[in-house]
Every structure is written in C-alpha cells, then in structure tokens.
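Residue numbers run from 1 in the order of the sequence given. Bear in mind that the values here come from a model prediction, so they are computed numbers and not experimental data. Quick note: numbers below take in every heavy atom, side chains included, and nothing from hydrogens, waters or symmetry partners. All ligand and atom numbering here is 1-based and tracks the order in the structure.
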Amino acid sequence: MAIQSLQVTPLHPTFGAEVAGVDFTQPISPELYAEIRKVVDKYGVVVFRNTQLTDEAHIEFSRYFGDLDDVTPYQQAGRIHRLKYKELFDAGNIDPKTGDVAAMTDATVIGNKGNALFHVDSSFNARRAGHSLLVAHVLPPPGTGGATEYGDSRTAYDDLPQDLKDRIEPLVGNHSLFHSRKTAMPEYFKDLDVESLPMSKHKLVQTHEASGRKNLYIASYIHHLDGVSREESDELLAQLREHIHKPKYRLTIPWEQPTDMIIWDNTCVLHRATGGSYEGKFPRDMRRTTVKDMSSTRYGLNGEGADWRVGMP
Ligand code: OGA
Ligand code: MN
C-alpha cells in the first residue's frame with residue numbers, strides 16, 4: 001500500500017509545522033502513523049487543517065500514540081462531563097447543563113482558566129502526559145480570539161548559559177493542578193491550601209527521548225523546586241519562566257475551521273490558551289485526547305508504576 005506523502009510546512013524557525021496530505025476520513029495505517037510521528041517528534045507541535053475527524057476517529061487515531069488518559073478524576077471531583085467519551089477532555093466553554101456558552105463564573109470556565117498560563121498537560125499526575133491531540137468542533141467568529149500559543153522548551157533550554165544549565169540539572173519540580181488554578185484565579189481560590197494537596201515530582205531538565213534533545217520541563221503547574229531553598233526556587237522559577245516566555249520561543253496557531261487538529265508533545269513544548277473577546281459570548285467547543293507519556297521518565301520521581309491522578313471540578 002502506498003504511503004500518502006506528507007507536505008510539511010514549518011511555522012517557526014525552531015519548531016511547529018503544518019502538515020497537509022493526510023486523509024483522516026480513512027483509517028490511518030501504521031506506516032502513515034510512523035510518518036506523522038516523525039514530524040511530531042521533530043517539530044513538537046503539528047497542525048492538520050480540516051481533518052473531518054469524528055470523536056470516534058479522533059480517539060482511534062490517538063491510540064497510536066500510546067495509552068489514553070480519561071476524565072474520571074475530574075468527574076470524581078464533581079465536574080459534569082458533557083461529551084460522549086471519557087477519553088475526550090473538554091477544553092471548551094460550553095455549559096454542560098445548558099449546552100450554551102458557559103457563564104464566566106461557571107465551573108467549566110473556571111476549570112479551564114489555568115489553560116491561559118503556559119503549561120504542559122497533566123504534569124500534576126504521577127504519570128505525566130505525552131501527546132495531546134486537540135480537535136476544534138465549534139469555533140468563535142474570526143477576529144474574536146481563541147488561538148492556541150506554543151512555547152519551544154527544547155530551544156529555550158539550548159539557549160541557557162552553561163552555568164545555569166549545570167545549576168538546574170539536578171532539580172526536581174513539584175507540580176500541582178491546584179497551584180495553577182490558584183495562580184490563574186487568586187481571589188476565587190484564596191482559601192485553597194495548595195501545599196496540603198498532592199504534588200507530582202518530575203525533573204526540571206528532561207531529555208526528550210524521541211529527538212534526543214534536552215528540554216526545560218517547566219510549566220505553570222510547578223509550585224516549587226526540590227534541591228534548593230524555597231527562596232532560590234522562587235527566584236529560579238521566575239528567571240526561567242521569564243526566559244522561556246520570550247517572544248522568540250513562541251508560536252501562535254490560529255484555529256481556522258471546525259475539525260482542525262493540533263497535536264503537541266507535552267514533553268518538549270509548552271502551550272496555552274490565548275482567550276479573546278469571544279469569552280463568555282461565543283461558543284468554543286474543543287475536545288482533546290491526552291496520551292499518557294510512554295517514555296522511560298513517565299513516572300518522574302513518583303515511583304515506577306505510580307499512576308494516581310488528580311482532579312478538580
Ligand atoms: C488544552 C489546552 C488550549 C486552548 O486543551 O490542553 O490547554 O487553546 N487548550 O484551548
Ligand atoms: Mn492544556
């Protein structure tokens with residue numbers, strides 16, 4: 001069987017690409033998956049336009065990347081799941097009770113508020129996430145925002161001075177979903193005692209096994225670093241975040257039409273929702289599969305086989 005040829009268009013000098021030439025309405029062969037995977041490994045974030053993917057085909061294709069995570073921990077914490085499948089994370093702004101745009105005070109919106117901070121998905125779980133595959137279902141009108149922005153954590157790491165690289169090499173990040181929510185909405189979560197809640201430990205400097213390149217595994221979820229004093233941890237995190245958030249490491253990808261899909265590798269890029277004037281006004285229905293990390297460092301320092309997960313409504 002002939003392999004469809006992929007047309008790869010880079011979107012930024014150091015990462016990100018758009019790929020054309022894949023027909024997602026047909027079953028994707030293992031050979032074609034292998035071709036797609038090479039592009040994802042190299043570029044870290046890859047967009048496919050107008051895929052026509054259904055929920056079922058989206059989930060089926062995602063299984064090539066590894067074990068799929070699901071929303072059970074969020075449901076257990078009281079979140080109502082609007083979508084048919086547990087493997088679909090709801091990254092949109094639809095109120096599950098009414099089907100309309102959720103009020104800015106609704107749990108759906110509050111739950112996704114932290115997405116505006118540069119993060120990697122599910123680093124707060126014992127086993128971190130590998131790839132995320134986000135598919136647009138309903139998009140707000142053009143010009144009202146809703147693009148997703150990415151950060152190149154491999155190149156940002158490469159560019160650090162050697163003495164800083166040496167200093168951060170042994171450090172371990174403590175990741176907390178609650179910390180990110182509180183950072184995004186300090187007033188709303190003012191009584192939340194983040195330090196009394198579970199944190200997951202992952203090394204700050206990681207090797208991205210698929211490319212062999214190192215990267216800075218820093219995300220909004222990191223509450224503090226082990227291996228240095230709390231004061232030094234705060235300083236280092238601020239310094240590293242300031243570095244990685246520089247415009248030259250960023251790439252904004254607009255969503256053009258329903259069924260556009262963006263695949264990113266959480267173990268080598270950061271991402272964030274950019275918001276916009278559509279918020280609270282127009283529906284934005286975005287559905288994501290999240291693949292559990294399949295690399296040798298998937299459990300971080302949480303213990304081999306540890307698979308506890310954290311949820312919040
Ligand atoms: C996500 C996410 C950003 C967006 O789905 O993990 O962070 O733009 N989404 O919706
Ligand atoms: Mn995310």
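Of the residues listed (Leu83, Asp55, Leu53), the one engaging His137 in a side-chain contact (heavy atoms from CB on, under 4.5 Å) is Asp55, and it is the only one. Among Tyr64, Tyr33, Phe65, the single residue meeting the ring pair (Phe, Tyr, Trp, His ring centres under 6.0 Å) criterion with His131 is Phe65.
Centred on the Mn ion (ligand 2), the NE2 atom of His271 and the NE2 atom of His119 lie at an angle of 80°, reported to 10°.
From the protein, the heavy atom lying nearest to atom 10 (O) of ligand 1 is Arg284 NH1, 3.0 Å. Counting protein heavy atoms only, atom 1 (C) of ligand 1 is closest to Arg288 NH1, 3.2 Å.
Residue contacts with ligand 1: Glu149 is excluded, as none of its non-hydrogen atoms falls under 4.0 Å. Residue His271 places a heavy atom less than 4.0 Å from ligand 1.
Atoms of ligand 1 lying under 4.0 Å from any heavy atom of His119, numbered from 1 in the order shown and given with element: 7 (O). Atoms of ligand 1 found under 4.0 Å from any heavy atom of Ala91, numbered from 1 in the order shown, are 5 (O). Each of the atoms 3 (C), 4 (C), 8 (O) of ligand 1 lies under 4.0 Å from some heavy atom of Ala273.
Aromatic pair Phe61/Phe24: centroids less than 6.0 angstrom apart. His119 and Phe124 have their aromatic ring centers separated by at least 6.0 angstrom. Ring pair His243/Tyr249: centre-to-centre distance below 6.0 Å. With ring centers used as reference points, Phe15 lies 6.0 Å or more from Tyr43.
Annotation: Asp121 places an N or O atom under 3.5 Å from an N or O atom of ligand 1; distance criterion only. Remark: ligand 1 and Thr148 share an N or O pair separated by less than 3.5 Å (distance only, no angle test).
Within Asp121, OD1 is the N, O or S atom that lies nearest to the Mn ion (ligand 2).
Counting heavy atoms closer than 4.0 Å to ligand 1, residue Trp264 contributes side-chain atoms (C-beta onward) but none from N, CA, C or O.
Listed for the Asn50 side chain is no donor-acceptor partner under 3.5 Å among the backbone atoms of Asp260.
Side-chain atoms of Ile253 and Ile262, non-hydrogen and from C-beta on, do get closer than 4.5 Å to each other.
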